K.L.:
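Sharing a structure here in structure tokens format.
Just so you know, these numbers come straight off a predicted model, no measurement behind them.
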Amino acid sequence: MTRAMTHVPPAFLQDLANTRNGLQEWDEFVSLCFEVAISELSLLEAGTEDPPPVQPQFFDATAAGEGGTGLIEQPIFWNAFPKSLALSRGRDWAMKEADTLWKLPSEQVQVLMPAGLDLLAQQFLFRPQDEYCEWRVERDAATGKIGRIVFTCESPEYWTALYGGVVRIGRLGRPFTFTGDRGYATDLYRQLTGGNVQVGDLALPDGSYNRFNRWNSSHGIVHLAHIANSIAAEVSLAADGTLLRRRADGSLVTNADELIG
């Protein structure tokens, strides 16, 4: 298919221009995220009861002959603090717990990691910050006072693209492989963390990128790591949001609170 435009990295970053086929692979990856999300919407539609839902208004804008007119800009109000924590045991507990590291459950290790790797005996740590914004607090060792807080909203797939490895997309885990450049990605890690990062520090046993590496958890922060925080998941959420809902009488649901419920 002839492409009208390409998907560029977030904020138009050019890091991937320094890796072999990096920008092309990123474009292909994001397009695949759209393709998978749309195909999964079709599966959802097939399983719905009468009356049938309206065709979802979701498409890949880079595909020739699609959309591009009638753009409406809508402000989005976003509280980046993890609401799942705040609703659990109250704000005071949540404020402390958000700064801790949690161990990745074994069932999620099996889903995220490449097939054939025995990784269940290893410990993968992540921050319980599931609102597409993660941070790390640095404190003075003697006083315990906060010296710096580092925030990031950068996706884990971006760093897999830089380093090299496999990303799984959608509910069925469709794989996409990035070539990457391990040395270049490691140099960027050193610049961002100020640490003596080695190539092997960022890798799984098979050599592919490890989003839970220590320089992105216990020893620093570079990008999002929580299992819920990914570009593929963002695209799926956007796709799901275009599936119009009907009441029992067949009328469309348009009230925001009713839709959320």
Side-chain angles (χ1 to χ4, degrees), residues 8-20 22-23 25-26 29 78 80-82 85 94-104 108-109 112-113 119 122-167 178-231 234:
V8 297
F12 302 100
L13 294 175
Q14 289 300 302
D15 299 320
L16 287 170
N18 295 295
T19 67
R20 184 160 58 90
L23 292 173
E25 289 181 353
W26 183 259
F29 162 70
W78 171 49
F81 190 83
L85 292 181
M95 293 294 286
K96 296 178 181 178
E97 193 67 17
D99 289 338
T100 65
L101 290 171
W102 288 11
K103 182 178 179 180
L104 190 69
Q108 293 184 2
V109 174
L112 287 174
M113 302 306 175
L119 299 172
Q122 299 186 38
Q123 181 167 295
F124 297 94
L125 301 175
F126 72 100
R127 298 175 179 84
Q129 302 161 356
D130 59 0
E131 289 289 346
Y132 289 94
C133 176
E134 298 183 24
W135 65 90
R136 180 174 184 265
V137 179
E138 297 180 4
R139 298 178 181 272
D140 183 275
T143 65
K145 291 185 177 180
I146 294 176
R148 184 172 73 156
I149 304 175
V150 181
F151 290 87
T152 182
C153 291
E154 199 160 76
S155 74
E157 295 104 324
Y158 183 73
W159 281 88
T160 303
L162 284 168
Y163 189 87
V166 178
V167 173
F178 287 105
T179 304
D181 184 319
R182 299 174 70 188
Y184 178 67
T186 303
D187 285 341
L188 288 178
Y189 250 87
R190 293 190 189 110
Q191 295 174 32
L192 292 170
T193 66
N196 184 25
V197 186
Q198 302 301 307
V199 171
D201 293 344
L202 309 180
L204 292 168
D206 68 344
S208 59
Y209 182 66
N210 175 16
R211 66 195 280 187
F212 304 104
N213 71 80
R214 67 191 181 104
W215 296 105
N216 194 48
S217 55
S218 59
H219 287 58
I221 186 169
V222 171
H223 62 77
L224 303 173
H226 193 289
I227 189 173
N229 297 338
S230 70
I231 284 184
E234 286 182 294

K.L.:
Decide yes or no on side chain to side chain contact (heavy atoms under 4.5 Å, CB included) for Val199 and Tyr163, but give the supporting numbers first.
P.N.:
CA-CA 9 Å; Val199 171; Tyr163 189 87; 3.5 Å; yes
K.L.:
Taking all heavy atoms of Thr193 and all of Val197, pick out the closest pair and write down the distance.
P.N.:
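Heavy atoms of Thr193 and Val197 come nearest at OG1-CG2, 3.6 Å.
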K.L.:
Of the non-hydrogen atoms in Phe81 and Ala94, which two are nearest, and what is the gap between them?
P.N.:
CZ-O, 3.6 Å
K.L.:
Any donor and acceptor pair, going by atom type alone, linking the side chain of Gln129 with main-chain N or O of Ala98 inside 3.5 Å?
P.N.:
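Between the backbone of Ala98 and the side chain of Gln129 there is a qualifying donor-acceptor contact (under 3.5 Å).
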K.L.:
Output, in order, the C-alpha distance, side-chain angles, deciding distance and verdict of side chain to side chain contact (heavy atoms under 4.5 Å, CB included) for Val222 and Tyr189.
P.N.:
CA-CA 7 Å; Val222 171; Tyr189 250 87; 3.4 Å; yes
K.L.:
Is there a donor-acceptor pair closer than 3.5 Å between any side-chain N or O of Glu25 and the backbone N or O of Thr179?
P.N.:
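Judged by distance alone, yes, a pair lies under 3.5 Å.
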K.L.:
Mind checking the CD-CG spacing from Glu131 to Leu224? Nearest 0.5 Å is all I need.
P.N.:
11.5 Å
K.L.:
Could you pull out the closest heavy-atom pair between Pro128 and Thr100, with the gap in Å?
P.N.:
CD-O, 3.2 Å
K.L.:
Backbone N or O of Val150 within a donor-acceptor pair of the Arg136 side chain at under 3.5 Å?
P.N.:
no
K.L.:
So Asn216 and Ile221, side chain to side chain contact (heavy atoms under 4.5 Å, CB included) or not? Walk me through it.
P.N.:
CA-CA 4 Å; Asn216 194 48; Ile221 186 169; 4.0 Å; yes
K.L.:
Kindly give the heavy-atom pair with the smallest separation between Thr19 and Gly180, and that separation in Å.
P.N.:
CB-C, 4.2 Å
K.L.:
Give the minimum heavy-atom separation between Pro82 and Asp130, together with the two atoms involved.
P.N.:
CB-OD1, 3.4 Å
K.L.:
So, does Thr160 use its side chain to make a donor-acceptor pair with the main chain of Tyr209 at under 3.5 Å?
P.N.:
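Absent.
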K.L.:
Does Arg214 reach the main-chain N or O of Asp201 with its side chain, forming a donor-acceptor pair under 3.5 Å?
P.N.:
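No.
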K.L.:
Would you give the length of the straight line joining atom CG of Asp181 to atom CG of Asp187, rounded to the nearest 0.5 angstrom?
P.N.:
8.5 Å
K.L.:
Donor-acceptor pair, distance only, cut-off 3.5 Å: does the side chain of Arg211 make one with the backbone of His226?
P.N.:
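Side chain of Arg211 to backbone of His226: a pair is present.
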K.L.:
Which residues satisfy the ring pair (Phe, Tyr, Trp, His ring centres under 6.0 Å) test with Phe29, sequence neighbours excluded?
P.N.:
Trp26, Phe176, Phe178
K.L.:
Does any non-hydrogen side-chain atom of Asp15 lie less than 4.5 Å from one of Tyr184?
P.N.:
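Yes, close enough: below the 4.5 Å cut-off.
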K.L.:
Can you measure from OG1 (Thr152) to OH (Tyr132) and round to the nearest 0.5 angstrom?
P.N.:
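These two atoms lie 13.5 Å from each other.
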K.L.:
When you measure from the side chain of Arg127 to the backbone N and O of Asp99, does any donor-acceptor pair fall under 3.5 Å?
P.N.:
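Checked: no pair found.
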K.L.:
Report yes or no: does Ser208 contribute a side-chain atom to a donor-acceptor pair with the main-chain N or O of Leu204 at less than 3.5 Å?
P.N.:
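No: the side chain of Ser208 does not pair with the backbone of Leu204.
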K.L.:
For Leu16 and Leu162, run side chain to side chain contact (heavy atoms under 4.5 Å, CB included): C-alpha distance rounded to whole Å, both residues' side-chain angles, the deciding distance at 0.1 Å, then the answer.
P.N.:
CA-CA 6 Å; Leu16 287 170; Leu162 284 168; 3.7 Å; yes
K.L.:
CG/Asn18 to CG/Leu188 distance, rounded to the nearest 0.5 angstrom?
P.N.:
8.0 Å
K.L.:
Near Arg190 CZ, under 6.0 Å, is it more than 12 heavy atoms from other residues, nucleotides or ligands?
P.N.:
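Yes.
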K.L.:
Atom CD in Glu134, atom CZ in Phe151: separation rounded to 0.5 Å?
P.N.:
11.5 Å
K.L.:
Do Trp215 and Leu192 have side-chain heavy atoms sitting under 4.5 Å apart?
P.N.:
no
K.L.:
Once you round to the nearest 0.5 Å, how far does SG of Cys153 lie from CH2 of Trp135?
P.N.:
10.5 Å
